[in-house]
Amino acid sequence: MSTEYAESRQTTEGPVYTVSGGDWDDVLADAQHDDRMVINMGPQHPSTHGVLRLVLEMEGETVTQLRSVIGYLHTGIEKNCEYRTWTQGVTFVTRMDYLAPLSNEMGYCLAVEKLLGIEAPRRAQLIRVLLLEINRIGSHLVYIATGGMELGATTAMTLGFREREEVLHLLEHLTGLRMNHAFIRPGGVAQDLPDDYDEVVSAFVKVMEERLPLYDKLFTGQPIWRNRLKGVGYLPVDACLALGVTGPVLRSAGLPWDLRKTEPYSAYDEFTFDIPTSTEADCWARYLIRVEEMHQSLRIIKQVLKKLEPGPVMVEDKKIAWPAQLSISSDGMGNSLEHVRKIMGQSMESLIHHFKLVTEGFHVPPGQVYVPVESPRGELGYHLVSDGGTRPMRVHVREPSFVNLQSMPAMSEGGLVADVIAAVASIDPVMGGVDR
């Protein structure tokens, strides 16, 4: 039988093929020692954060070689964006890193706005910051919850998800959806915040300020948690820079690189907050940094509430501002009745304009841009190319989980198999972003 096809054997159900992928045969050939074995870890929840597969070559309990295998969650989001209008692209990118959907919307919309040469109104910019920081807290809570569960601390999971539920309730109240909001749009945001946003957000801040110290009590001072994380997954600053690692992993190695401070966007330079760093460069430092980042996000949220003033939340240009006046109606969210009356009954031009704007979209001048934002996992950059049409010509994302995952072998080789789990958890990869 020709070697270009997979080997097969006949069964009562028909032929069964044995497929080996990539360099799997080489890995097996490498491990032809009596004292070494090759083990597949994942794809599974928990341990490998969903659909990540780790191929470990092991000598006893010690990992001698590690390879990460990705692509199990591939959705083709970047390619899909090229077949949708600029505004419709938001509904795709928000599904990449599904724990930080608003960061993806923000990066994408800032890039589109840069191509258009426009800036969102001030109120829209502040609303964006508010939502991003609420989302950052939610993302870090999932890191503690899933990381704790993977290391056997089930209390971390129940507490982390309890607090994250507060975040999702709040985001649903503010944007209409718990996740994948598509609320940040090119030119501003989809609609203004509800009237009671101030008291609802203030109540959330109060609850979080009461509950966050509990994490210090339960985990920071807990000897088992400390021993599982201290000195594990070591990655010094020169290794981070060589691998392009950003976010809490880089800051845990001592470099205070946070785009909200180093290259501020959307009025971040107006806020007072600290960038927590450490020189320990291990899983323990990454845990402490993320807990402190939640405190800093609460600081920013309180400052946003003081700065928010009435004003437009979408650019004035009617050729870009999409959709129009929204209201909550019996069928969920739709255009307000007065707007429908105007475009359906009074002005044929308005109806045609509305129809063309929604179906065709707006033209974006030709050019290319790269715009980075600081997602909970690191530098999330959008490279957009426009050929002057109503759809992107190219959308490519510099996704932090994807880049940070390169550090897995450096963190894990030479350590114990149990520490691989702690190292993966400390990177906090989201496979939707890695595979996209």
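Hydrogens, waters and symmetry mates play no part in the numbers below; they use all other heavy atoms, side chains included.
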### Message
Please determine whether salt bridge (charged side-chain N to carboxylate O under 4.0 Å, His left out) holds for the pair Lys307 and Glu270, giving the CA-CA distance in whole Å, both sets of side-chain angles, and the decisive distance to 0.1 Å.
### Response
CA-CA 10 Å; Lys307 285 180 184 286; Glu270 296 177 24; 3.5 Å; yes
### Query
Are Leu405 and Val424 close enough, and set up right, to give a side chain to side chain contact (heavy atoms under 4.5 Å, CB included), and what steps lead you there?
CA-CA 8 Å; Leu405 212 50; Val424 178; 5.6 Å; no
### Task
Report the C-alpha separation of Phe204 and Val167 in whole Å, then their side-chain angles, then the decisive distance to 0.1 Å, and conclude whether the side chain to side chain contact (heavy atoms under 4.5 Å, CB included) test is met.
CA-CA 8 Å; Phe204 165 77; Val167 171; 3.7 Å; yes
#### Entry: Worked check of side chain to side chain contact (heavy atoms under 4.5 Å, CB included) between Val245 and Val403
CA-CA 6 Å; Val245 171; Val403 181; 5.5 Å; no
#### Entry: Intermediate values then yes/no, salt bridge (charged side-chain N to carboxylate O under 4.0 Å, His left out), Arg211 and Glu166
CA-CA 11 Å; Arg211 290 185 184 174; Glu166 299 281 348; 3.5 Å; yes
### Query
Which is it for Leu141 and Tyr215 under the side chain to side chain contact (heavy atoms under 4.5 Å, CB included) test, yes or no, and what are the steps along the way?
CA-CA 10 Å; Leu141 286 168; Tyr215 289 85; 3.7 Å; yes
### Task
With side-chain hydrogen bond (donor to acceptor under 3.5 Å, both in side chains) as the test, would you mind laying out the steps for Asn104 and Tyr98 before giving the verdict?
CA-CA 9 Å; Asn104 281 288; Tyr98 40 76; over 6 Å; no
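Inspection of the Ser202 and Asp198 side chains reveals an N or O donor paired with an N or O acceptor under 3.5 Å. A donor-acceptor pair shorter than 3.5 Å cannot be found between the side chains of Thr64 and Glu59. Judged purely by distance below 3.5 Å, without hydrogens or angles, the side chains of Tyr197 and Asp192 never pair a donor atom with an acceptor atom. The closest side-chain donor-acceptor pair between Ser103 and Arg377, if any, does not fall under 3.5 angstrom. For the residue pair Asn135 / His181, no side-chain donor-acceptor distance below 3.5 Å is found, with atom types taken as modelled.
Here the CD1-CH2 distance, from Ile275 to Trp257, works out to 11.5 Å after rounding to the nearest 0.5 Å. In this structure, CZ on Phe219 lies 11.5 Å from CD1 on Ile224, to the nearest 0.5 angstrom. Here Thr390 contributes atom OG1 and Gln88 contributes atom CD; the two are 9.5 Å apart, rounded to the nearest 0.5 Å. The CE atom of Met149 lies 6.0 Å from the CE atom of Met157; values are rounded to the nearest 0.5 Å. Going from atom CE of Met58 over to atom CG of Leu66 covers 10.5 Å, rounded to the nearest 0.5 Å. Note: Glu133 CD to Leu102 CG = 11.0 Å, rounded to the nearest 0.5 Å.
For the pair Arg299 and Phe273, the cation-pi test (distance below 6.0 Å, angle within 45°) is failed. Note that Lys114 lies outside the cation-pi zone of Tyr370, set by a 6.0 Å cut-off to the ring centre and a 45° limit from the axis.
For Tyr287, the ring-ring contact (aromatic ring centres under 6.0 Å, His included) criterion is met by Trp225, Trp284, not counting sequence neighbours. Residues forming a salt bridge (charged side-chain N to carboxylate O under 4.0 Å, His left out) with Asp282 (at least two apart in sequence, or on another chain): none. Tyr268 is linked by a ring-ring contact (aromatic ring centres under 6.0 Å, His included) to Tyr265, counting only residues two or more places apart in sequence or in another chain. Partners of Asp216 under the salt bridge (charged side-chain N to carboxylate O under 4.0 Å, His left out) rule, at least two apart in sequence or in another chain, do not exist in this structure. Listed by chain and residue number, nothing satisfies the side-chain hydrogen bond (donor to acceptor under 3.5 Å, both in side chains) test with Arg226 (two or more places apart in sequence, or in another chain).
Using a cutoff of 4.0 Å between basic side-chain nitrogens and carboxylate oxygens, Glu82 and Arg391 are not scored as salt-bridged. Glu165 and Arg162 are not joined by a salt bridge, as no carboxylate oxygen comes within less than 4.0 angstrom of a charged side-chain nitrogen. Ionic pairing of Glu105 and Arg95 is not present here: no N-O contact between side-chain nitrogen and carboxylate oxygen is shorter than 4.0 angstrom. Using a cut-off of 4.0 Å between Lys/Arg side-chain N and Asp/Glu carboxylate O, Glu374 and Arg260 are scored as not salt-bridged. Using a cut-off of 4.0 Å between Lys/Arg side-chain N and Asp/Glu carboxylate O, Asp428 and Arg286 are scored as not salt-bridged. Residues Glu209 and Lys302 are paired through a salt bridge, judged by an N-O separation under 4.0 Å between the basic side chain and the carboxylate. At a threshold of 4.0 Å, the pair Arg436-Glu78 counts as salt-bridged, since one of the basic side-chain nitrogens sits closer than that to a carboxylate oxygen.
When all heavy atoms of Pro376 and Pro248 are compared, the pair lying nearest together is O-CD, 3.5 Å. In plain terms, the two heavy atoms of Leu255 and Leu241 that are nearest each other are CD2-CD2, 4.0 Å. The shortest non-hydrogen separation linking Pro256 to Thr262 is O-CG2, 4.4 Å. The two atoms that bring Ala422 and Arg228 nearest to each other are CB-O, 4.1 Å, heavy atoms only. For the pair Glu113 and Arg185, the tightest heavy-atom approach, listed with the atom from each and the gap, is OE2-O, 3.8 Å. Nearest heavy atom pair, residue Glu292 against residue Gln296, reads OE2-NE2, 2.6 Å.
Taking a 6.0 Å sphere around OH of Tyr83, one finds it holds 12 or fewer heavy atoms contributed by other residues, nucleotides or ligands. The number of heavy atoms from other shown groups lying within 6.0 Å of CG (Asp195) does not exceed 12. Within a 6.0 Å sphere centred on CD of Glu61, other residues, nucleotides and ligands contribute 12 heavy atoms or fewer. Heavy-atom contacts from other residues, nucleotides or ligands closer than 6.0 Å to CD of Gln303 number more than 12.
The shortest side-chain heavy-atom distance between Leu52 and Tyr72 does not fall under the 4.5 Å cut-off. No side-chain heavy atom of Arg398 sits under 4.5 Å from any side-chain heavy atom of Leu380. Contact check for Glu309 versus Arg122: no side-chain heavy atoms found under the 4.5 Å cut-off. Using a 4.5 Å heavy-atom threshold, the side chains of Ser266 and Gln125 count as touching. Contact check for Leu177 versus Leu171: no side-chain heavy atoms found under the 4.5 Å cut-off. Within the 4.5 Å cutoff, side-chain heavy atoms of Phe362 are placed close to those of Thr87. Between Met208 and Lys206, every side-chain heavy-atom pair lies at or beyond the 4.5 Å cut-off.
Note on residues 230-246: no pairs pass side-chain hydrogen bond (donor to acceptor under 3.5 Å, both in side chains), not counting sequence neighbours.
A donor-acceptor pair is defined here as one N or O able to donate and one able to accept, closer than 3.5 Å; no such pair exists between the side chain of Asp419 and the backbone of Gly415. The backbone N or O of Pro276 lies less than 3.5 Å from no partner atom in the side chain of Asp274, so there is not a single donor-acceptor pair. At distances below 3.5 Å, not a single donor-acceptor pair connects side-chain atoms of Ser386 with backbone N or O atoms of Pro392.
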